[in-house]
Structures are given as structure tokens and as C-alpha cells.
Amino acid sequence: NYSFISSLGVSYMMLCTENYPSVLAFCFLDELQKEFITTYNMMKTNTAVRPYCFIEFDNFIQRTKQRYNNTRSLSTKMNLADMQTEIKLRPPYLISVSELGSANGFAHSSVAEYKGTGKISAAPHQRLEPVTLPGIVSFVLSLLCGALNLIRGFHAIESLLQNEGEDFSYVIAFFLGTAACLYQCYLFVYYTGWRNAKSFLTFGLICLCNMYLYELRNLWQLFFHVTVGAFSTLQIRLRQPQGKSPDYNV
């Protein structure tokens, strides 16, 4: 039997015979999990890209494995009530042979999804590819557009305070444009789920804000803001998550 648990982006797996008590298997995995979380912080695990970068943890695994190999003496020394209750409340999901359809770490399209997991997505802290010169230019231009929107937003507030007839919606449009430009910078630097969709929605918001502000800007200003937004969206799309090393599945 293979038994495994997952927590904070790390999976713990063990292989044992069919007659090995499942409660001890999950106690073993739980002990590994607690020690691993205590030994390594999340930043180190999220940035790990090479195989065997936690090889020193094997010393603890071997010591713990020797204890759990002697099930009779171990059962009398441990309080298994908590783990037995846990298994009853949240029974392990048994995976059938038909669901184990993977080759070299990549799942086939015919593999059924596991219960409660939903779609498989990339790690939230996955690294992106190195920054290119066009990417740096788009990042700087997005910051510039955000700064211009912010300045015009404060000027609109001053005008609103001096003239009561001014439209407050222009202020909102300027600040929304600022937020959209800054969010494009964030999407370019960091990986998030649905990153491409978010970048297209952000670009759409930039276009809507500039359409609303067409009375306060000339055609060249509108063209500049929309072009920078489109260029930043393209750079976000081109900067994909970094691929794993070829020997990652050793």
C-alpha cells in the first residue's frame, strides 16, 4: 500500500505491506510532517528547484522508520486514539488502479481527478522565467502610467473641491487606472492562479477607464495609455512559469 498526506505544498508518502496498520502509517507520516515543518520554513520549500535539496532530512526519516518497523512494541508506546479518531472522521481516499495513469511525473488526460482536489494548478510560489529587456520596459512604462493617473486623480480632487459642479466619477476613473497599472506590474513580477485571465481583465479595465476619460485627454495620451496596457499584457503572457530541471523526477 502507498499512503500519503499533503500539507503546505509538501507531500509525504510511504510504501508498506498490505497488513501494516493504516493508523501507524498515518502516524508515521504525521510525525514526518511535523518535523519537516519545524525544520524548514515555507520560503525554503517554495523556492526548491533541484532534486535532493532536503537530503539531510533523510537522517530523521531513517530513525523514525526503524521505530515504526517494530509495530508490536511501537503500538504499546504510542497513544493511537487521536489518529484513529482522525481516520474515522476523515477516512483516507482510496485510489484505484485506473486513476494511476502517469508517466514521468506528467498525468495523462484520461486520469480521473481525485476527490476534493479539483483541477491541478501550478504552485502558488512558482518562479517565473528570467526578465527580458522588453519586460523591464513594460514594467517601467506601467509604473509611469500609474503615476500619471495618480497625479491626475489628485488634480481632479483639487478641482472638485474648488468647483462643486465637477464630476467625482473622473476621480474614480483615474484611481482605477492607477490600480490597474500597478496590478499589471504585480502580475508581471509574481506568479498567481489564472494569471493570463487576470492580465486581460486588467487591460480591459484600463481601456474602459481611458474611454471614460476621453474628454480630459487628447488622442495621443489615450493611445499611449492603451498601448502601454496592451504591451504589458503581452509581456505578462510571454513570461511563463519556469520549467523544472530535466532531472527533477529522478
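Between the side chain of Ser159 and the backbone N or O of His155 there is no donor-acceptor pair closer than 3.5 Å. With Asp30 contributing its side chain and Phe26 its backbone, the two residues share no donor-acceptor pair below 3.5 Å. Side-chain atoms of Asn218 come within 3.5 Å of backbone atoms of Gln221 as a donor-acceptor pair (strictly under, hydrogens ignored). The closest donor-acceptor contact from the side chain of Arg239 to the backbone of Leu234 lies at 3.5 Å or more, if one exists at all. Under a 3.5 Å cut-off, the side chain of Arg195 and the backbone N or O of Leu187 do form a donor-acceptor pair. Checking side-chain atoms of Thr227 against main-chain N and O of Phe224 turns up no donor-acceptor pair under 3.5 Å. Looking only at distances, no side-chain donor or acceptor of Lys34 sits under 3.5 Å from a matching main-chain atom of Leu29. Remark: side-chain polar atoms of Arg237 are not paired, donor with acceptor, to backbone N or O of Asn196 under 3.5 angstrom.
Relative orientation of the Phe175 and Phe154 rings is perpendicular, given thresholds of 30° and 60° on the angle between their planes. Ring geometry for Tyr186 against Tyr183 counts as parallel: the plane angle stays under 30°, on a 0 to 90° scale with 60° as the upper cut. Ring-plane geometry between Tyr68 and Phe28 is classed as perpendicular, the angle between the planes exceeding 60 degrees on a 0 to 90 degree scale with a lower cut at 30.
Shortest non-hydrogen contact noted between Val228 and Ser142 is CG1-N, 3.8 Å. Across Gln235 and Gly135, no two heavy atoms sit closer than the pair OE1-N, 3.5 Å. Counting all heavy atoms, side chain and backbone alike, Gln33 lies closest to Ser7 at OE1-CB, 3.6 Å.
Aromatic ring centres of Phe54 and Phe57 lie farther apart than the 6.0 Å criterion allows. For an aromatic pair to be called close, the ring centres must be under 6.0 Å apart, and Tyr40 with Phe36 satisfies this.
Atom CG of Leu213 is separated from atom NE2 of His225 by 9.0 Å, given to the nearest 0.5 angstrom. The CG atom of Asn1 lies 8.0 Å from the OG1 atom of Thr17; values are rounded to the nearest 0.5 Å. The structure places CZ of Phe174 at 9.0 Å from CG of Asn210, a figure rounded to the nearest 0.5 Å.
For the pairing with Gln62, the side-chain hydrogen bond (donor to acceptor under 3.5 Å, both in side chains) check across Asn59, Thr64, Asp58 returns one residue only, Asp58.
Remark: Phe60 CZ is packed, more than 12 non-hydrogen atoms of other residues, nucleotides or ligands lying under 6.0 Å away. Enclosure of atom CG in Leu219 is not indicated, since only 12 or fewer non-hydrogen atoms of other residues, nucleotides or ligands lie within 6.0 angstrom.
Side-chain polar atoms of Thr233 and Gln184 form a donor-acceptor pair below 3.5 angstrom. Checked by atom type, the side-chain pair Tyr12/Ser6 shows no donor-acceptor distance below 3.5 Å.
Salt-bridge annotation for Lys65 and Glu31: absent, with no side-chain N of the basic residue lying under 4.0 Å from a carboxylate O of the acidic one.
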